Amino acid sequence: MQFDVVTLFPELFAPFLTTGITRRAFESGQVKVKLSNPRDYAEGNYRRVDDRPFGGGPGMVMMAEPLSHCVARLREERADDAPVVLFSPIGQPLTHTAVTRWARSQGAILLCGRYEGLDQRFIDTHVTEQISLGDFVLSGGEIAAMALLDAVARLQPGVLSDADSHAQDSFNPALDGLLDCPHYTRPEVWQGRAVPEVLLSGHHLRIERWRRDQRLILTARLRPDVLAQARQAGLLSSEDEAVLLRL
């Protein structure tokens with residue numbers, strides 16, 4: 001798959017693409033990332049990519065023309081119908097289900113907006129999907145693009161040291177979409193706090209039941225909406241419900 005990232009600050013991606021375990025996906029080409037700067041498609045001596053908003057108001061707006069030329073060139077080079085994605089607070093929230101879909105896709109053209117946003121005429125003409133990381137505003141779409149790329153990269157075969165690691169992630173269908181349970185490592189006692197005894201028992205069935213109980217408890221306390229979805233989908237057993245009744 002290939003993700004073409006349109007950004008005014010391509011230098012922000014250099015350490016991201018070469019650091020950490022997900023670099024395996026980028027270095028191997030499993031997830032190809034190409035960076036394009038719309039300023040390279042702007043006209044005039046100053047290569048201007050933004051201007052004042054019509055109607056007045058604070059800030060600047062990214063101009064449609066440089067972005068349009070940039071996207072057109074990328075489409076010519078890709079020769080496919082890859083979606084054009086804009087990271088925006090009004091977009092659909094990025095979820096595990098969406099990340100899984102992207103991880104199996106051909107990739108996309110990712111637009112990293114800046115300033116007050118993009119000229120709406122460009123959005124109406126070129127953008128096929130908008131994605132949000134949450135109900136807050138970033139100074140640009142670069143961090144959101146990295147979040148998507150990181151989430152997609154870690155799902156590729158061979159990227160994580162343990163192929164089953166991501167199956168234990170929060171929101172994964174393997175956990176019925178619940179939050180993950182707490183984890184512990186050495187020492188057995190740290191600052192007077194001991195590891196739960198069941199994890200030292202070697203009794204695999206008891207350990208799995210404890211982990212399931214913890215997932216249920218955490219999800220009920222922190223994300224009751226997620227628990228409600230699991231219940232509605234019929235994913236909770238009578239034993240699960242008994243655990244929840246004791247809360």
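Everything quoted here is computed from the prediction, not taken from an experiment.
Of the charged side-chain nitrogens involved, at least one lies within less than 4.0 Å of a carboxylate oxygen, so that Arg209 and Glu239 count as a salt-bridged pair. Using a 4.0 Å cut-off between charged side-chain N and carboxylate O, Arg101 and Glu129 make a salt bridge.
Applying the ring-ring contact (aromatic ring centres under 6.0 Å, His included) test to Tyr41 and every residue at least two apart in sequence or in another chain returns nothing. For Asp169, the salt bridge (charged side-chain N to carboxylate O under 4.0 Å, His left out) criterion is met by Arg154, not counting sequence neighbours.
Within a 6.0 Å radius of CZ in Phe136, more than 12 heavy atoms belonging to other residues, nucleotides or ligands are found. Under a cut-off of 6.0 angstrom, the local environment of CD in Gln120 is crowded, with over 12 non-hydrogen atoms contributed by other residues, nucleotides or ligands. For Ile143, the CD1 atom sits in a loose shell: 12 or fewer heavy atoms of surrounding residues, nucleotides or ligands are nearer than 6.0 Å. Counting heavy-atom neighbours within 6.0 Å of Glu11 CD, excluding the residue itself, gives a total above 12. The number of heavy-atom neighbours closer than 6.0 Å to CG of Asp80, taken from other residues, nucleotides and ligands shown, is above 12. Within a 6.0 Å sphere centred on CD of Glu241, heavy atoms belonging to other residues, nucleotides or ligands number more than 12.
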- Give the intermediate values and the outcome of side chain to side chain contact (heavy atoms under 4.5 Å, CB included) for residues Lys34 and Val5. CA-CA 6 Å; Lys34 178 182 177 182; Val5 182; over 6 Å; no
- Task: Would you please test Arg114 and Met62 for side chain to side chain contact (heavy atoms under 4.5 Å, CB included) and show each step?
- Result: CA-CA 7 Å; Arg114 281 275 163 173; Met62 292 187 72; 4.1 Å; yes
- Item | Test log, rule side chain to side chain contact (heavy atoms under 4.5 Å, CB included), inputs Gln30 and Met1 | CA-CA 7 Å; Gln30 285 175 281; Met1 69 185 66; over 6 Å; no
- Task: May I have the step-by-step check of side chain to side chain donor-acceptor pair (under 3.5 Å) for Gln229 and Asp225, ending in yes or no?
- Result: CA-CA 6 Å; Gln229 292 173 7; Asp225 58 316; 4.9 Å; no
- Check against side chain to side chain donor-acceptor pair (under 3.5 Å), His204 and Glu208: CA-CA 6 Å; His204 297 299; Glu208 286 308 308; over 6 Å; no
- Apply the test side chain to side chain contact (heavy atoms under 4.5 Å, CB included) to residues Phe3 and Val152: give CA-CA distance (whole Å), side-chain angles for both, the deciding distance (0.1 Å), then the verdict. CA-CA 11 Å; Phe3 288 94; Val152 165; 4.2 Å; yes
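Without hydrogens or angle criteria, Thr19 side chain to Phe16 main chain gives no donor-acceptor distance under 3.5 Å. Judged by distance alone, with hydrogens and angles left aside, the side-chain atoms of Ser201 form no donor-acceptor pair with the main-chain N or O of Glu197 at under 3.5 Å. Judged by distance alone, with hydrogens and angles left aside, the side-chain atoms of Thr128 form a donor-acceptor pair with the main-chain N or O of Val84 at under 3.5 Å. With hydrogens and angles ignored, the 3.5 Å screen pairs a side-chain donor or acceptor of Asn172 with a backbone N or O of His166. A donor-acceptor contact shorter than 3.5 Å links the side chain of Arg39 to the backbone of Arg47. A donor-acceptor pair under 3.5 Å links the side-chain atoms of Thr219 to the main chain of Leu179, judged by distance alone. For the pair Arg221 (side chain) and Leu218 (backbone), a donor-acceptor distance under 3.5 Å is absent.
Considering every non-hydrogen atom in both Ser132 and Pro89, the closest pair reads OG-O, 3.8 Å. For Pro53 against Gly59, the heavy-atom pair with the smallest separation is CD-O, 3.3 Å. Taking both residues in full, the closest heavy atoms of Val195 and Pro187 are given as CG2-O, 4.1 Å, listed atom of the first, atom of the second, then distance. Between Ala145 and Cys112, the closest heavy-atom pair is CB-SG, 3.8 Å. Minimum interatomic distance between His96 and Ser170 (heavy atoms only, all atoms of both residues): ND1-O, 4.5 Å. Here the closest non-hydrogen pair linking Ser28 and Ala25 is OG-O, 3.3 Å.
Taken from SG in Cys70 to CG in Leu74, the straight-line distance is 4.5 Å, to the nearest 0.5 Å. Rounded to the nearest 0.5 Å, atoms CG (Leu160) and OG1 (Thr22) are 9.0 Å apart. Separation of atoms CZ (Phe122) and CE (Met63) is listed at 13.0 Å; rounding is to 0.5 Å. Atom CG of Leu175 and atom CG of Leu235 lie 11.0 Å apart (nearest 0.5 Å). Interatomic distance, Ile21 CD1 to Arg24 CZ, rounded to the nearest 0.5 Å: 4.0 Å. Atom CZ of Arg73 sits about 10.5 Å away from atom CG of Asp40, to the nearest 0.5 Å.
Within the 4.5 Å cutoff, the side chain of Arg78 has heavy atoms near those of the Gln2 side chain. The closest side-chain heavy-atom distance from Leu8 to Tyr115 is below 4.5 Å. Taking the side chain as every heavy atom from C-beta outward, Glu116 and Met60 never approach each other to under 4.5 Å. Residues Ile109 and Arg75 meet the side-chain proximity criterion, which asks for heavy atoms closer than 4.5 Å. For the pair Val71/Leu111, a side-chain contact is recorded, criterion being any heavy-atom separation below 4.5 Å from C-beta on. Within the 4.5 Å cutoff, the side chain of Asp180 has heavy atoms near those of the His183 side chain. The shortest distance between side-chain heavy atoms of Ile131 and Trp102 falls below 4.5 Å. In this structure the side chain of Tyr184 never reaches within 4.5 angstrom of the side chain of Trp190, judged on heavy atoms.
If you chain together ILVMFWY residues whose side-chain heavy atoms come under 4.5 Å of each other, Leu244 ends up grouped with Leu178, Leu216, Ile217, Leu227, Leu236, Val243, Leu247.
Residues Leu133 and Val226 do not share a hydrophobic cluster, clusters being chains of Ile/Leu/Val/Met/Phe/Trp/Tyr side chains in contact below 4.5 Å. At a threshold of 4.5 Å between side-chain heavy atoms, the hydrophobic network of Ile, Leu, Val, Met, Phe, Trp and Tyr places Met146 and Leu148 in one connected group. When hydrophobic clusters are built by joining Ile, Leu, Val, Met, Phe, Trp and Tyr residues whose side-chain heavy atoms come closer than 4.5 Å, directly or via intermediates, Leu149 is grouped together with Phe87. No continuous path of ILVMFWY side-chain contacts below 4.5 Å connects Phe171 to Val99, so the two sit in separate hydrophobic clusters. Under the 4.5 Å side-chain heavy-atom criterion for ILVMFWY residues, no single connected hydrophobic cluster contains both Val6 and Val61.
Under the 3.5 Å distance criterion, with hydrogens and angles disregarded, a donor-acceptor pair is assigned to the side chains of Gln106 and Asp81.
Among Arg215, Arg246, Arg212, Arg231, the one residue that satisfies the salt bridge (charged side-chain N to carboxylate O under 4.0 Å, His left out) test with Asp240 is Arg212.
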